[in-house]
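The block underneath contains the structure these notes are about, expressed in structure tokens.
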There are 2 protein chains.
Amino acid sequence: MKSHPLRRQIEEIVKLSDDEFVFVLEHFRPKTFKKHQIVLHEGDYAHFDYFVVEGLMRVSRLDLDGKDHILQFGMENWWITDAEAFHRKSKSTLIVDCLEDTKALALSLENKEKLSRELFKMQSFFLKKTTNGYIALQKRILCFLSSNAHERYHNLTTLYPGLIQRVPKSMIASYLGVTRETLSRLSKADT
Amino acid sequence: MKSHPLRRQIEEIVKLSDDEFVFVLEHFRPKTFKKHQIVLHEGDYAHFDYFVVEGLMRVSRLDLDGKDHILQFGMENWWITDAEAFHRKSKSTLIVDCLEDTKALALSLENKEKLSRELFKMQSFFLKKTTNGYIALQKRILCFLSSNAHERYHNLTTLYPGLIQRVPKSMIASYLGVTRETLSRLSKADT
DNA sequence: CCTAGCGTGTGATAAAGGTCACAGCGGATC
DNA sequence: GATCCGCTGTGACCTTTATCACACGCTAGG
């Protein structure tokens, strides 16, 4: 039980007793999804933030021309949801779906707030995770500001080498903000 | 005192008594800076997160070609620092400087953590602010993924109309990730 | 075994944006 | 009042990336 992936992630930031972890876990609901299954439809309320135990999820937006733009991937130990819809209780403008069969732990906003209130450490944990996420997004923005497509691709391969193996290159392209054709030409030059 | 800008911002999220606000304020150090003054040099430690009371600050990165890329502006009631260097106690890779004479309240990491510990509400406040910042950055990334320079400019003018009046267009261009020449041509077509 | 569909590569061409060079304007300084 | 400098606009040209079209290999399902 010490080795539960959620517990390991929390304990990188705050220490928990066995009892406390049991209490924490009671606030999550286990869910399983099939490959291609849509977890959150555009226009629906985002009832849960998902902690990915196994598998691979994706958050994307479909634009007016029918093209989709991938905002985030979620591999094992990542948290994934439409953050705005989840936290503001508004309708989702994004789509969450699964690129592989996926097991996840679903946390509702009510339970997140309850956990934060009743176990101070958990609010510290959420703050730290959110801060780290904020820093990561700042880096991604700086990458858009100062790097061309080739450099962004190279940056991604060194940052998440495992991801490149697991998702189609067309999706990597979508995440990087280039077309699949351009990415194909870039990665050829890269070897 | 009810109308202190910091208090107003906090009370949008959690309520404070007069005593509590005095306690909060004791953790901040007032600072004044002149236009063009550098508040945080590249390579220095980011000792403070700044709450801007009056004036206008900027966070940017200087790249290897000598071009600078503006990550964020900070007007009145915004928080501004090199988030990574501040939270990880590492050396800054970014520069914080002032575009106008500026009055700010400086909060050290130690005081931020002390406040979070001793006044639970303040940790809730920081979590909420960080979450909102995270959501805003996600939107900016989606804008990079799905919009061209013209749309990004238009988006910025509607999001922060006041900003356009206060900063040179060359800096707006830098924030948007285009050259000042391109922005100049775009904004002409926009009228 | 056949075939439909997905993922990928590649060529030709177009569009968006960058680079370089120069000019003008207006405020600040002495 | 002369001068300097930051800011902006604009023309000519070049680079990067998008678009469109087509081909090929692989694999899942009938």
Side-chain angles (χ1 to χ4, degrees), chain A residues 34-38 56 58 60-70 73 97-101 141-157 163-191, chain B residues 34-38 56 58 60 62-70 73 95 97-101 141-157 163-191:
Chain A
K34 289 233 175 299
K35 183 170 177 172
H36 295 138
Q37 187 173 347
I38 296 184
L56 180 56
R58 168 179 72 158
S60 55
R61 168 171 289 163
L62 207 64
D63 75 11
L64 302 164
D65 308 330
K67 282 177 272 192
D68 70 351
H69 305 278
I70 298 181
F73 293 104
D97 63 356
C98 297
L99 305 179
E100 301 174 0
D101 291 351
I141 286 172
L142 272 171
C143 201
F144 275 110
L145 289 177
S146 62
S147 302
N148 60 24
H150 192 249
E151 292 163 331
R152 292 205 301 280
Y153 175 64
H154 192 74
N155 183 56
L156 184 65
T157 56
L163 190 69
I164 315 292
Q165 317 305 322
R166 284 171 77 174
V167 315
K169 297 215 172 151
S170 54
M171 291 189 190
I172 299 291
S174 168
Y175 180 88
L176 291 173
V178 294
T179 60
R180 53 166 203 85
E181 294 97 329
T182 297
L183 182 67
S184 168
R185 291 183 247 261
L186 291 177
S187 47
K188 194 177 53 164
D190 202 56
T191 57
Chain B
K34 290 235 175 298
K35 183 171 176 171
H36 296 137
Q37 187 173 347
I38 296 185
L56 180 55
R58 166 179 75 158
S60 55
L62 207 64
D63 75 10
L64 302 164
D65 308 331
K67 281 178 271 192
D68 71 353
H69 305 279
I70 299 180
F73 294 104
I95 299 156
D97 63 355
C98 296
L99 305 179
E100 302 175 359
D101 291 351
I141 286 172
L142 272 171
C143 200
F144 275 111
L145 289 178
S146 63
S147 303
N148 59 26
H150 191 259
E151 292 164 332
R152 292 206 300 278
Y153 176 64
H154 193 73
N155 182 56
L156 184 66
T157 56
L163 190 68
I164 316 292
Q165 319 304 322
R166 284 171 78 174
V167 315
K169 297 216 172 149
S170 53
M171 291 189 190
I172 299 290
S174 168
Y175 180 88
L176 291 173
V178 294
T179 60
R180 52 164 206 87
E181 293 96 331
T182 297
L183 183 67
S184 168
R185 289 183 250 261
L186 291 178
S187 48
K188 194 178 51 165
D190 201 58
T191 56

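The figures here come from the full heavy-atom set of this structure, side chains too, leaving out hydrogens, waters and symmetry mates. Within every chain, numbering begins at 1; the chains are lettered A, B, ... in the order of the sequence lines, protein sequences first and strands thereafter.
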Rounded to whole Å, how long is the line connecting atom [atom1] of [X] with atom [atom2] of [N]?
X	N	atom1	atom2	result
B/L176	C/dA16	CG	P	17 Å
A/I172	C/dT8	CD1	C1'	14 Å
B/Y153	C/dG17	OH	P	15 Å
B/D65	C/dG18	CG	C1'	12 Å
B/N148	C/dG18	CG	P	11 Å
B/L183	C/dG18	CG	P	10 Å
A/D68	C/dC6	CG	P	13 Å
A/H150	D/dT15	NE2	P	17 Å

Is any side-chain N of the basic residue among B/R58 and B/D97 closer than 4.0 Å to the acidic one's carboxylate O?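 Result for this pair is yes, salt bridge flagged.
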Go through B/L99 and B/F73 one step at a time and tell me if the side chain to side chain contact (heavy atoms under 4.5 Å, CB included) criterion holds. CA-CA 9 Å; B/L99 305 179; B/F73 294 104; 3.8 Å; yes
Closest to side chain of [X], choosing from [options]:
X	options	result
B/T182	D/dT10, C/dG18, C/dT8	C/dG18
A/V178	C/dT10, D/dG9, D/dA18	D/dA18
A/S184	C/dG7, C/dG17, C/dG9	C/dG9
B/E181	C/dT8, C/dG17, C/dT19	C/dT19
B/P168	D/dT8, C/dG18, C/dG17	D/dT8

Do A/H69 and A/D63 have side-chain N/O donor and acceptor atoms under 3.5 Å apart?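 Judged by distance alone, the side chains do pair up.
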Counting only N and O atoms by type, is there a donor-acceptor contact under 3.5 Å from the side chain of B/S174 to the main-chain atoms of B/D68?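 The answer is yes, because a donor-acceptor pair under 3.5 Å joins these two groups.
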Between the side chain of A/R152 and the main-chain N/O of A/L176, is any donor-acceptor distance below 3.5 Å?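 Checking the backbone N and O of A/L176 against the side chain of A/R152, a donor-acceptor pair under 3.5 Å is found.
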So for A/R180 and C/dG9, does any side-chain atom that can act as donor or acceptor lie under 3.5 Å from a complementary atom in the base?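 Counting by modelled atom types and ignoring angles, a donor-acceptor contact under 3.5 Å is found here.
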Can you tell me whether the side chain of B/R185 and the base of C/dT19 have a donor-acceptor pair closer than 3.5 Å?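 When only heavy-atom distances are counted, B/R185 does reach the base of C/dT19 through a donor-acceptor pair under 3.5 Å.
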Return no unless some side-chain N or O of [X] is found under 4.0 Å from OP1 or OP2 of [N].
X	N	result
A/K169	C/dC6	no
A/K35	D/dA28	no
A/K188	C/dT10	yes

Check every strand shown and say whether B/S170 touches a base, only sugar-phosphate, or nothing at a heavy-atom separation below 4.0 Å.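 Since only primed, P, OP1 and OP2 atoms lie under 4.0 Å of B/S170, the category is sugar-phosphate.
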